[in-house]
Participant: 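Can you keep this structure in mind? I'll have questions shortly.
Throughout, numbering of the chain's residues begins at 1 and tracks the sequence.
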Amino acid sequence: QVQLVESGGGLVQAGGSLRLSCAASGPTFSTYIMGWFRQAPGKELEFVAGFRWTDGFTRFADSVNSRFTISKDNAKNTVYLQMNGLKPEDTAVYYCAARTNGLSLVTTTRQSYDYWGQGTQVTVSS
């Protein structure tokens with residue numbers, strides 16, 4: 001059973017920072033592809049960032065590239081999304097997701113990910 005538990009959302013002013021956490025559990029979590037997605041009110045779910053646990057490869061959406069970074073804590077089985085230079089348009093519910101089929105491609109489509117966290121709200125005020 002794979003479980004993803006997110007934390008770290010909140011309210012921040014434009015230009016500020018937040019760090020989201022995604023704690024993962026499962027029999028072979030170290031082989032997972034981890035993804036971060038977000039959904040703003042009235043908009044589609046969109047890919048934000050992806051991470052390959054085996055070698056630390058990362059991939060970011062153009063809209064967040066150079067502002068967001070990903071790191072991991074192996075001891076805690078946790079992946080972090082560090083969000084800097086936040087903008088009002090970053091306001092959304094952020095979801096952590098895991099791709100557990102053993103394939104190594106860091107994909108951007110929601111259909112590629114088979115486990116999802118509960119979501120955490122990020123609100124950026126102007």
Participant: Out of curiosity, does Val93 fall in the hydrophobic cluster containing Val12 (side-chain heavy atoms, cut-off under 4.5 Å, transitive links)?
Facilitator: no
Participant: State plainly whether one hydrophobic cluster holds both Ile33 and Phe60, where clusters connect Ile, Leu, Val, Met, Phe, Trp and Tyr through side-chain heavy atoms under 4.5 angstrom apart.
Facilitator: no
Participant: If hydrophobic clusters are built from ILVMFWY residues whose side chains come within less than 4.5 Å, do Trp53 and Tyr113 share one?
Facilitator: no
Participant: Test your reading of the model: is there a side-chain donor-acceptor pair from Thr123 to the backbone of Thr91, 3.5 Å cut-off?
Facilitator: no
Participant: Within the 4.5 Å heavy-atom criterion, are Val106 and Met34 side-chain neighbours or not?
Facilitator: no
Participant: Taking the side chain as everything from C-beta on, heavy atoms only, tell me whether Thr107 gets closer than 4.5 Å to Phe47.
Facilitator: no
Participant: Once rounded to the nearest 0.5 Å, what's the spacing between atom OH of Tyr94 and atom SG of Cys22?
Facilitator: 15.0 Å
Participant: Any side-chain heavy atom of Ser104 sitting closer than 4.5 Å to one from Arg52?
Facilitator: yes
Participant: Does Tyr32 belong to the same Ile/Leu/Val/Met/Phe/Trp/Tyr cluster as Tyr80, with side-chain heavy atoms less than 4.5 Å apart forming each link?
Facilitator: no
Participant: When you measure from the side chain of Arg99 to the backbone N and O of Leu105, does any donor-acceptor pair fall under 3.5 Å?
Facilitator: yes
Participant: Scan for salt bridge (charged side-chain N to carboxylate O under 4.0 Å, His left out) pairs involving residues 80-98, sequence neighbours excluded, and state none if there are none.
Facilitator: Arg38-Asp90, Arg67-Asp90
Participant: Roughly how far, to the nearest 0.5 Å, is the CD atom of Gln82 from the OG atom of Ser21?
Facilitator: 9.5 Å
Participant: Are the side chains of Ile70 and Val79 in contact, using a 4.5 Å heavy-atom criterion?
Facilitator: yes
Participant: How far apart are the closest heavy atoms of Ala49 and Leu81, and which atoms are they?
Facilitator: CB-CD1, 4.1 Å
Participant: Rounded to the nearest 0.5 Å, how far apart are CZ of Arg19 and OG1 of Thr69?
Facilitator: 10.0 Å
Participant: Identify the heavy atoms of Cys96 and Leu4 that sit nearest to each other, and give their distance.
Facilitator: O-CD1, 3.7 Å
Participant: Can you see which heavy atom on Pro88 is nearest to which on Ser126, and at what distance?
Facilitator: CG-CB, 3.9 Å
Participant: Identify the heavy atoms of Ser112 and Thr109 that sit nearest to each other, and give their distance.
Facilitator: OG-OG1, 2.8 Å
Participant: Is any side-chain heavy atom of Met83 less than 4.5 Å from a side-chain heavy atom of Leu20?
Facilitator: yes
Participant: For Asp62, enumerate each residue passing the salt bridge (charged side-chain N to carboxylate O under 4.0 Å, His left out) test, keeping only those at least two apart in sequence or located in another chain.
Facilitator: none
Participant: Test of understanding: with side-chain contact (heavy atoms from CB on, under 4.5 Å), list the residues that count as partners of Leu45, not counting sequence neighbours.
Facilitator: Phe37, Gln39, Tyr95, Arg110, Trp116
Participant: Determine the minimum heavy-atom distance between Val122 and Gly9, stating which atoms define it.
Facilitator: CG2-CA, 4.2 Å
Participant: Is a side-chain N or O of Glu6 found less than 3.5 angstrom from the main chain of Gly119, in a donor-acceptor match?
Facilitator: yes
